[in-house]
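Because the structure is a prediction, the values reported are computed rather than measured.
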Amino acid sequence: MKKKILVLGCTGSIGTSTLDIIRSFPGRFEVCGLSAHTNQQKLNDLASEFGCTNTVLTGTATKEDGTSQVRQDLSDAALSNEKITRLIEKSGADIAVNGIAGAAGLMPSVLCLKNGIDLALANKETIVMAASLIRTLAEKNGRKIIPVDSEHSALFALIERFGKERVNTLILTASGGPFRTLPREKLNGVKPEDALKHPTWSMGQKISIDSATLANKGLEVIEACRLFDMPPEKIKVTVHPQSLVHSLIETTDGDLYAQISEPDMRRPIVSALTYPDMTENNLKKLDLCSAIGNPDGVTMSFFPARFDDFPLLGAAYEAQKKGGSYTIAYNAANEIAVALFLQKKIGFTQIADTVCAVLEKDWTAEARNFDEVFEIDEKARRAAEEVRLYAENTAQGSI
């Protein structure tokens, strides 16, 4: 019997990779639902290709040139959730791949688990914002949460093989982003178009900027702590520009074990869709003797992260240590700051300035339910906007 796959965010990088995997296993997987945010034409094309009539557009439809095709209030969160709810309830899915970007992906994760659907999770904000609530919901409904981020997929596999009791430290690798070697004094002069040029991965705008600031790695540190029940001091980050080692574990005897493969998001996706099986596939295998064009074999290098120059990484560790709702505030403020940077309203280093200013406020209260999670998220977003307005007024000498 074919496994039924619900693809949330089907036109993004995760959704596109997921559908490519499904094409490779026509006898094993079936698409039972598709969601997209604004790309109506691509959604229609995919629905036709996969014979899927259960689809939804959650945002405002756009033409191919990016201009509005219809002006409907589809971006309203309540209406979007209503549409997603109907999609999920009708899907009959066995597993959902949640590739929706940002905080908008949390409620779809909740709805999938409530409807008895396993979750292949690429939306790290689900865990960053509401880990304890999400894990409780999954346990209550007897569902699995399988990480799809390449780093957490690697850790998941390594921990499964060795046993958590034998793991001492988790080591996340980071590419370092496009500014890995850029001197600190030049960082504020970089433009959005520079920050979007990731050296290894092809990703959406938000995650590409997060990679450039190391906020993405900060979010992954928080996610690793919460997915694998590890304190932040047991999570390390090392910069690995080649993106071949996706994560490592240090076992209790001091040895290191790594998951190494080509940088291809389809690999962690196929692992999640076929779990707990290990399935043969047609993905490119890493040849250690010829990879990346080196006739003498692969060169793999590792460097310490530049915490002082990219403060959002350290801020994530602090948010996790403080507990309460600090990680919700971290994520919300970062989403606002990244949007402002992409709109060229603030500079690159002001992204971190904005987030750190928001984190100086009191976020010790812990969300007791999902409604409170979203209330805190909204409060942090307003705080980030206020930080930006204060900076503008100060610069203009109006206060």
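No donor-acceptor distance shorter than 3.5 angstrom exists from the side chain of Glu125 to the backbone of Leu106, with no hydrogens or angles considered. Proximity of a side-chain donor or acceptor of Asn115 to a complementary backbone N or O of Glu89 within less than 3.5 Å is not detected. Looking only at distances, a side-chain donor or acceptor of Asn54 sits under 3.5 Å from a matching main-chain atom of Cys32. Of the possible donor and acceptor atoms, one in the side chain of Asp253 sits under 3.5 Å from a partner among the backbone N and O of Asp255. Side-chain atoms of Asn98 never come within 3.5 Å of backbone atoms of Leu119 as a donor-acceptor pair (strictly under, hydrogens ignored). Between the side chain of Thr38 and the backbone N or O of Gly59 there is no donor-acceptor pair closer than 3.5 Å. No donor-acceptor distance shorter than 3.5 angstrom exists from the side chain of His152 to the backbone of Pro147, with no hydrogens or angles considered. At least one donor-acceptor pair under 3.5 Å links the side chain of Asn369 to the backbone N or O of Asp371. With Asp118 contributing its side chain and Lys144 its backbone, the two residues share a donor-acceptor pair below 3.5 Å. Asn141 places no side-chain N or O within 3.5 Å of a backbone atom of Arg143 that could act as its donor or acceptor partner.
Following chains of ILVMFWY side-chain contacts shorter than 4.5 Å, one can reach Leu256 starting from Leu244, so the two form part of one hydrophobic cluster. Linking Ile, Leu, Val, Met, Phe, Trp and Tyr whenever their side-chain heavy atoms come within less than 4.5 Å puts Leu196 and Val190 in one cluster. When hydrophobic clusters are built by joining Ile, Leu, Val, Met, Phe, Trp and Tyr residues whose side-chain heavy atoms come closer than 4.5 Å, directly or via intermediates, Phe302 is grouped together with Leu286. Residues Leu214 and Val239 do not share a hydrophobic cluster, defined by chaining ILVMFWY side chains whose heavy atoms lie under 4.5 Å apart.
Annotation: Arg86, atom CZ; neighbour count of heavy atoms from other residues, nucleotides and ligands within 6.0 Å is above 12. Heavy atoms of other residues, nucleotides or ligands lying less than 6.0 angstrom from CZ of Arg166 number 12 at most. Environment of NZ in Lys191: sparse, with no more than 12 heavy atoms of neighbouring residues, nucleotides or ligands closer than 6.0 Å. Annotation for Lys361: atom NZ does not count as buried by contact number, only 12 or fewer foreign heavy atoms lying within 6.0 Å. The 12-atom threshold is exceeded at CD of Glu233, counting heavy atoms of other residues, nucleotides or ligands nearer than 6.0 Å. The 12-atom threshold is not exceeded at NZ of Lys4, counting heavy atoms of other residues, nucleotides or ligands nearer than 6.0 Å.
Atom CZ in Arg28 sits 6.5 Å away from atom NZ in Lys3 (nearest 0.5 Å). If you take CG on Leu219 and NZ on Lys124, they are separated by 6.5 Å, rounding to the nearest 0.5 Å. The CG atom of Leu121 sits 6.5 Å away from atom CD of Glu223, with the distance rounded to the nearest 0.5 Å. Summarising the geometry, atom CD1 belonging to Ile235 is positioned 5.5 Å from atom CE belonging to Met230; distances are rounded to the nearest 0.5 Å. Asp149 contributes atom CG, which lies 7.0 Å from atom CD1 of Ile14 (distance to the nearest 0.5 angstrom). The NZ atom of Lys90 sits 12.0 Å away from the CG atom of Leu6 when rounded to the nearest 0.5 Å.
A pairwise comparison of heavy atoms in Phe341 and Ala195 identifies CE2-CB, 4.0 Å as the closest pair. Heavy atoms only, all atoms of each residue included: Ala367 and Ser325 are closest at N-OG, 3.7 Å. What you find for Ala258 and Val245 is that their closest heavy atoms are CB-CG1, 3.8 Å. The two atoms that bring Ala103 and Glu335 nearest to each other are N-OE2, 2.7 Å, heavy atoms only. Counting all heavy atoms, side chain and backbone alike, Ile117 lies closest to Ala96 at CG2-N, 3.5 Å. The shortest non-hydrogen separation linking Leu87 to Leu34 is CD1-O, 3.7 Å.
Ser247 has its side chain out of reach of Ile171: every pair of non-hydrogen atoms, C-beta onward, lies at least 4.5 Å apart. With a 4.5 Å cut-off on side-chain heavy atoms, Ile346 and Ile351 count as touching. Leu273 is listed as a side-chain neighbour of Val97, based on a closest heavy-atom distance under 4.5 Å. With contacts defined as side-chain heavy-atom distances shorter than 4.5 Å, the pair Thr16/Lys42 qualifies. In this structure, the side chains of Lys206 and Asn334 come closer than 4.5 Å at one or more pairs of heavy atoms. Between Phe156 and Leu227 the shortest side-chain heavy-atom distance does not fall below 4.5 Å. Taking 4.5 Å as the limit, every side-chain heavy atom of Asp309 sits out of range of all side-chain heavy atoms of Leu182. Here the side chains of Glu318 and Tyr330 are not in contact, with every heavy-atom distance at 4.5 Å or above.
In this pair, Phe307 and Tyr317 present their aromatic rings tilted. The plane angle is within the 30 to 60° band. The aromatic rings of Tyr257 and Phe162 are tilted relative to each other, their planes meeting at an angle between 30° and 60°.
Checking each of Val31, Asn39, Leu19 against Leu46 for a side chain to side chain contact (heavy atoms under 4.5 Å, CB included) leaves exactly one that passes, namely Leu19.
Taking the charged nitrogens against the carboxylate oxygens, Glu193 and Lys197 have no contact shorter than 4.0 Å, which rules out a salt bridge. The pair Arg135-Asp229 meets the salt-bridge criterion, with a side-chain N (NZ, NE, NH1 or NH2) lying under 4.0 Å from an Asp/Glu carboxylate O. A salt bridge links Lys217 to Glu220: at least one charged side-chain nitrogen sits closer than 4.0 Å to a carboxylate oxygen. The pair Arg388-Glu385 meets the salt-bridge criterion, with a side-chain N (NZ, NE, NH1 or NH2) lying under 4.0 Å from an Asp/Glu carboxylate O. Of the charged side-chain nitrogens involved, at least one lies within less than 4.0 Å of a carboxylate oxygen, so that Glu262 and Lys284 count as a salt-bridged pair.
Side-chain contact annotation: Ser153 with His246, donor-acceptor N/O pair under 3.5 Å absent. Side-chain contact, Thr327 with Arg226: a donor N or O sits under 3.5 Å from an acceptor N or O. No hydrogens or angles considered: a donor-acceptor pair under 3.5 Å links the side chains of Asp362 and Thr364. In the model, Thr173 has no side-chain atom that pairs as donor or acceptor with a side-chain atom of Glu151 under 3.5 Å.
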Next on the checklist: Between Thr279 and Phe25, is the side-chain contact (heavy atoms from CB on, under 4.5 Å) condition met? List the steps.
Outcome noted: CA-CA 11 Å; Thr279 303; Phe25 292 91; 3.8 Å; yes
Next on the checklist: Walk me through whether Lys234 and Leu170 qualify under side-chain contact (heavy atoms from CB on, under 4.5 Å).
Outcome noted: CA-CA 6 Å; Lys234 292 287 188 178; Leu170 307 182; over 6 Å; no
Checklist entry - Hey, mind stepping through Leu155 and Ile249 against side-chain contact (heavy atoms from CB on, under 4.5 Å) and telling me if it holds? => result CA-CA 7 Å; Leu155 291 173; Ile249 59 169; 3.9 Å; yes
Next on the checklist: Please determine whether side-chain contact (heavy atoms from CB on, under 4.5 Å) holds for the pair Arg382 and Glu378, giving the CA-CA distance in whole Å, both sets of side-chain angles, and the decisive distance to 0.1 Å.
Outcome noted: CA-CA 6 Å; Arg382 290 197 302 268; Glu378 182 57 32; 3.2 Å; yes
